[in-house]
2 protein chains.
Amino acid sequence: MAVTIKDVADAAGVSVATVTRALSQPDKVRPATRERVRAVASDLGYHPNRAARGLITGRTGNLGLIVPDLANPFFPGIVKGVQARAHEADHAVFLADTDENPAAEAGLVRRLAKQVDGVVLCSPRMPETELRALAAEIPMVLVYRRIPGAPSVTAGFLDGMRQAVSHLVALGHRRIAYVAGPRTSWANRERVRSLRGVTRSSAFSRSSASAGIGRPMNEGAFPGIGRPTNEGTSPRIGRPTSEGVSVDVGVSTTGGARDEVAEIELIEMGSVMPQFEGGVAAADRILATRATAVIAYNDLVALGLLHRFAARGIAVPEDISVLGFDDIPLGAMVHPALTTVALPKGPAGRAAVDLLLTPQMVNQQLPTQLIVRASTGPAGG
Amino acid sequence: MAVTIKDVADAAGVSVATVTRALSQPDKVRPATRERVRAVASDLGYHPNRAARGLITGRTGNLGLIVPDLANPFFPGIVKGVQARAHEADHAVFLADTDENPAAEAGLVRRLAKQVDGVVLCSPRMPETELRALAAEIPMVLVYRRIPGAPSVTAGFLDGMRQAVSHLVALGHRRIAYVAGPRTSWANRERVRSLRGVTRSSAFSRSSASAGIGRPMNEGAFPGIGRPTNEGTSPRIGRPTSEGVSVDVGVSTTGGARDEVAEIELIEMGSVMPQFEGGVAAADRILATRATAVIAYNDLVALGLLHRFAARGIAVPEDISVLGFDDIPLGAMVHPALTTVALPKGPAGRAAVDLLLTPQMVNQQLPTQLIVRASTGPAGG
DNA sequence: AATGGCGCTGAAAACCTTTACATCCATGCT
DNA sequence: AGCATGGATGTAAAGGTTTTCAGCGCCATT
């Protein structure tokens, strides 16, 4: 059937041990013999049987990759990165899709675990405790999620958010809404945190040449909601506790303004599904807040906003500016093209594989980049 | 380390042979023993080592899946279908992406071949001779490509095209352009063939309540090109032979019209890359043909057309109707939402796996479905 | 000249499972 | 009662590789 190591050994007139050494530990065999063996091997088209090798070495040369939803255009980029790097390292990759079902994740990982040397887990939705247990069981690296006890690769959300807000502020926007993603999403929590950080940080104040600190939101628009409590590091006043229903809530971020040239009013919308439909559903509520700019949890949601705005005859960016996150290919295809904070995808995948191949308990943070296209423009344009 | 079959055997007080039989050939062992063994096995959390099993049985329980470009939103749907069915059958799937490089396909297949029981090859771009050789080497099923000698699953392009043209004709369109995909694409060839078939078939004539046969195209628009040769079954007059440069060419399909109520003038555009950019690039040329409707090779190209039309202030569908192929999710997100011929994706993937698991040399043809959305409207609207 | 050491190679064990074959026992038949 | 039959279980080989250990020849050292 297939050519085995014995065939090569016989043809080369050596033992199987010499063949395996000639191929995998070149320095342990005399150059003349080595070359002869190698010539014969490639001549016969010999490739080691990976199952047999795995049996003895305990390693498979395979990687597992788990994503929440391949249909979400954010993930294919990561998958391609993982694949490219894995192939370079002569590893094949198993792909599994959890269909956005957090309960399926752990099972899938454990199932794959026996056939791979490690798995990269993309944006896992499962609770942290469970995740940590899993990380202790088998080698794995997280992408776009960070927990203690597992290596991970993420991106500079804070910096990305800073670029985004800077951009909007520079265009004159002072009333900015944020459409939140799922509560269970680590990325969403990070974005919210970044957003709050940015609107308080002095770095931002400098970069935008203006202080970015709020005041109680427009009382007329939301009477009775959004009472400011000017204390604590995390001014999460009036944040809706029930999820899904998502009452619109105005949140004023307070802090020591360096100067009062500009004030940003931050409006957090309740969470939506991180998909197109979520954006469509949120669009009208956004309009009701009279925000002049909106930052969406991700591009898909932003696209939903764009769609609904177009349907209602709201001009983007003249009437309202829209900014997304991720930089999925579609963003450049729609009209107007979407301004977005680009998150590394291919590089993230590659980095994850590197971390798997040469294990080290680190969090690798990749850069983000604001991409200005047509969906953002001057306030009150 | 991991629990082996021997551990189970010892714990259950039987031999390893009995354990393996109890688990995989239940009827070959006494019920009492069988249950005892099974209890112990699940107690210890025993799972057979797949490498060892593969070594002896020659089968791996794995499938390979190769797609041209995961970033093309058409493919994730297929991938998900393959995965779902494979998991049901307790198979894991290796995914590989060729990055639209036809030369990489064969190598990838051969590489995967040794680790899988079979591979499903999605829209392969490689030449048929090479493909046939490959099919002889290892079990594989083709998706969206059909050759003699390999099982495949495709879709009813002819029927889909008939629905599409019927729809446009019913809306009053008589001058329809087709933007072709890559010459190497089987799907493109099929679509062209279907298009020609439809505009000639009496079935279509009936379904559209009008005959659909052309005449030489407008001389003014394309002086000197498109000379009609009214012979042969395949009237491919003036088809550009150089690929890529793609001179616009008018092709008139001739044939015996049943009645002269309606005539369709078919305009074939040179091939473009099957991506967004291809559509953008083709848009202006389409306009120059003064076609009232355009059928794009696929949705991505259609989206490119839409994009460029929007930029030029051409209203869709008022000024021109646009119809795509595939039904990718984005199609529903853009404005106006894209009318398209939906091709089965998940079902195609599932069918492919079935064909791999229970080999049979057939071509399975899945149904297509026209999805009318907002990008098509009455001619001369 | 003998010994130690070193570089190179070969023999064989080990990895874990499946399966062909052997063994054993009980049952039923003659 | 003895033997054939057949069902249940055990034994051992096989599958292809890596790795440990031993062996062999040769050079350098004493």
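Treat the numbers as computed from the prediction; the structure is a model and nothing was measured. Each chain gets a letter, A, B and so on, in the order its sequence line appears, and its residues count up from 1.
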Starting at the 5' end of nucleotides 23-28 of chain D, put B wherever the base has a protein heavy atom under 4.0 Å, S where only the sugar-phosphate does, and a dash everywhere else.
-> ------
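The backbone N or O of B:Ser123 lies less than 3.5 Å from no partner atom in the side chain of B:Arg145, so there is not a single donor-acceptor pair. The closest donor-acceptor contact from the side chain of A:Lys114 to the backbone of A:Leu112 lies at 3.5 Å or more, if one exists at all.
Proximity of B:Arg21 to the phosphate of D:dT9: no side-chain N or O atom is located under 4.0 Å from OP1 or OP2. Phosphate contact (OP1/OP2 of D:dG16, side-chain N/O of A:Thr4, threshold under 4.0 Å): absent. Between C:dA11 and A:Ser15, no contact under 4.0 Å exists linking OP1 or OP2 to a side-chain N or O.
B:Thr33 comes within contact range of the sugar-phosphate backbone alone, with a heavy-atom separation under 4.0 Å but no base atom that close.
Among the nucleotides C:dC8, D:dT17, C:dT19, the one closest to the side chain of A:Ile5 is D:dT17. The side chain of B:Val16 lies closest to D:dA12, out of D:dT17, D:dA12, C:dG10.
Counting to the nearest Å, the P atom of D:dG16 and the CD atom of B:Gln115 are 16 Å from each other. D:dG10 atom P lies 16 Å from atom NZ of B:Lys28, rounded to whole Å. For B:Lys6 and D:dA12, the NZ to C1' distance is 14 Å, given to the nearest whole Å. We find that CG of A:Asp27 is positioned 17 Å from P of C:dC6, with the value rounded to whole Å. Distance CD (A:Gln25) to C1' (D:dT18): 8 Å, rounded to an integer number of Å.
Taking the six-membered ring for Trp and the full ring otherwise, the centers of B:Tyr144 and B:Phe75 sit at least 6.0 Å from each other.
The stretch residues 42-60 of chain A comes close to DNA chain C through A:Leu55, A:Ile56, each having a heavy atom under 4.0 Å from the strand.
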